[in-house]
Amino acid sequence: MKVTVKLETFEGPLDLLLHLIDRAEVDIYDIPIKDITDQYLEYLDAMQELELEVTSEFLVMAATLLSIKSKMLLPKPPVLDLDFDDYMMEDDYDPRAELVAKLIEYRKYKAIADHLRDKEVERSLIFTREPEDLTPYVPVVQENPVKGLDVNDLVNAFRKAMRRLQSRQAVASIRKDEISVKDRMFQLVDSLERSGGKLLFSRLIDRERSRDSIVVTFLAVLELMKVKKIVCFQHKLFDDIVIQAREDGRSDGFWADEISY
C-alpha cells in the first residue's frame with residue numbers, strides 16, 4: 001500500500017511521530033512499529049528529495065525506530081536456567097516501552113504549550129491603557145453652609161450681628177496733644193543748658209513715645225542747626241549723634257521768630 005506523506009513543519013522527531021500515530025488512529029500504547037517506521041522513513045526521503053535540511057535528531061529517531069523494529073522481528077531467545085521471576089520479566093519486556101513513555105510525556109507538554117499559546121492569542125486581543133486621573137470628572141457637590149443649624153442658631157447669629165453694628169455706629173471724640181516745632185526748639189535749648197551744652201540724639205528719641213513727637217524733635221534739631229544755635233557730629237561712623245550748643249550762639253528769641261509751625 002502506497003502512503004502519501006504531506007510535508008508539514010514539525011518541531012522535532014517526536015512531534016512527527018505523534019502526527020503519524022494520530023493520523024493512523026492507533027493506540028499509542030500499542031504502536032504498529034513497522035508501519036510507523038515506514039511512514040517516518042518516507043517522510044525523511046521526501047525531505048531529502050526537496051533538499052530540505054534534515055537535522056541529526058530526525059536521523060537518530062530513524063535509527064531508534066529501526067532498532068525497535070528489528071528487535072520486534074527477531075525471535076525471542078530460549079530461556080535457560082532462569083527462575084520464574086526472571087522469566088516473567090524477560091517475557092514482558094517491550095522494546096517500544098521507552099519510546100511510548102517519551103511520546104506520552106511529549107504529548108503532555110505539547111498540550112500544555114498549545115493551551116498557553118491559545119491563552120496568548122486570546123490575551124493579545126485585549127487592549128489596555130494606563131490608568132488616568134479621573135478626579136476632574138468627579139462632580140463637585142457644594143456643601144450646605146447651614147447644615148446642622150436650626151432656627152435658634154440663626155437667631156443668635158442675627159443678635160451678634162446687630163450688636164456689632166451698634167458698636168460700629170458709636171462715635172468717640174479723640175483729642176490729640178500737639179507740640180509745635182518752635183516750642184520744641186526752645187525745649188531743646190533749655191535741655192542743652194541744663195546738660196552742660198551737650199546732648200545725645202538717642203536720648204532725645206528715647207524720651208518720645210509717638211511718631212509725631214519724634215518727627216517734631218528731628219525738625220527742631222534741623223532748625224537749630226540752620227540758625228547756627230547747635231552743631232551735630234559723630235565720633236565715628238554709625239556712632240551716636242552728639243548735639244552741642246555753639247559757643248557764639250545767643251539765648252534770646254529773635255532766631256525763632258521765623259518759625260511758624
Side-chain angles (χ1 to χ4, degrees), residues 1-140:
M1 181 180 65
K2 182 178 180 181
V3 179
T4 303
V5 179
K6 182 181 177 181
L7 296 181
E8 298 181 4
T9 302
F10 298 101
E11 297 179 358
L14 292 177
D15 194 19
L16 174 57
L17 281 179
L18 282 179
H19 170 72
L20 297 176
I21 293 172
D22 293 338
R23 189 179 64 179
E25 297 180 356
V26 295
D27 187 5
I28 193 172
Y29 293 97
D30 189 15
I31 302 174
I33 196 66
K34 178 180 180 302
D35 296 336
I36 296 299
T37 302
D38 294 340
Q39 295 177 18
Y40 186 88
L41 294 176
E42 288 180 4
Y43 180 84
L44 295 185
D45 292 338
M47 291 181 63
Q48 293 177 354
E49 290 178 1
L50 296 176
E51 297 183 356
L52 299 178
E53 182 180 359
V54 180
T55 58
S56 59
E57 57 184 358
F58 282 91
L59 299 178
V60 171
M61 180 56 67
T64 303
L65 291 173
L66 291 174
S67 176
I68 296 174
K69 179 181 177 181
S70 62
K71 289 181 181 179
M72 295 187 67
L73 292 176
L74 292 176
K76 295 181 180 179
V79 180
L80 300 175
D81 299 332
L82 294 176
D83 57 12
F84 181 76
D85 294 336
D86 294 336
Y87 175 78
M88 292 298 297
M89 292 177 59
E90 183 69 22
D91 186 60
D92 293 339
Y93 174 72
D94 189 349
R96 301 171 298 177
E98 184 177 356
L99 178 61
V100 171
K102 291 182 179 180
L103 288 173
I104 293 175
E105 185 177 6
Y106 180 79
R107 173 178 283 180
K108 178 177 64 176
Y109 285 107
K110 183 180 180 181
I112 296 174
D114 293 339
H115 177 72
L116 294 177
R117 188 178 300 107
D118 294 339
K119 289 294 184 181
E120 179 185 5
V121 174
E122 180 182 353
R123 186 63 179 84
S124 64
L125 300 178
I126 301 175
F127 299 92
T128 60
R129 61 184 301 178
E130 295 295 331
E132 296 183 357
D133 184 14
L134 301 180
T135 305
Y137 302 99
V138 176
V140 179

In a table with atom names and distances, give each donor-acceptor pair under 3.5 Å that connects a side chain of residues 110-119 to protein atoms at least two apart or in another chain.
unit_1: Lys110; atom_1: NZ; unit_2: Asp15; atom_2: OD1; d: 2.7
unit_1: Asp114; atom_1: OD1; unit_2: Arg117; atom_2: NH1; d: 2.7

Contacts of Asp22 meeting side-chain hydrogen bond (donor to acceptor under 3.5 Å, both in side chains) (sequence neighbours excluded), chain-then-number -> Arg107
Contact summary for Tyr106 and Leu18, nearest pair of heavy atoms
CD2-CD1, 3.3 Å
Output all residues satisfying side chain to side chain contact (heavy atoms under 4.5 Å, CB included) with Thr64, sequence neighbours left out; order by chain, then residue number.
Val60, Met61, Ile68
Distance, nearest 0.5 Å, that separates CG of Asp38 from CG of Leu65:
10.0 Å
With sequence neighbours excluded, tell me which residues meet salt bridge (charged side-chain N to carboxylate O under 4.0 Å, His left out) with Arg123.
none
Just how far is it from atom CG of Leu17 to atom CD1 of Ile36, taken to the nearest 0.5 Å?
7.5 Å
Would you compute the distance between atom CG of Leu20 and atom OH of Tyr40 and round it to the nearest 0.5 angstrom?
9.0 Å
Straight-line distance of Glu132 CD to Tyr137 OH, nearest 0.5 Å
7.0 Å
Just wondering, do Leu66 and Leu41 contact through their side chains at under 4.5 Å, heavy atoms?
yes
Please enumerate all residues that pass salt bridge (charged side-chain N to carboxylate O under 4.0 Å, His left out) together with Glu120, with sequence neighbours excluded.
none
Donor-acceptor contacts, no H, no angles, side chain residues 97-105, under 3.5 Å, sequence neighbours left out:
none

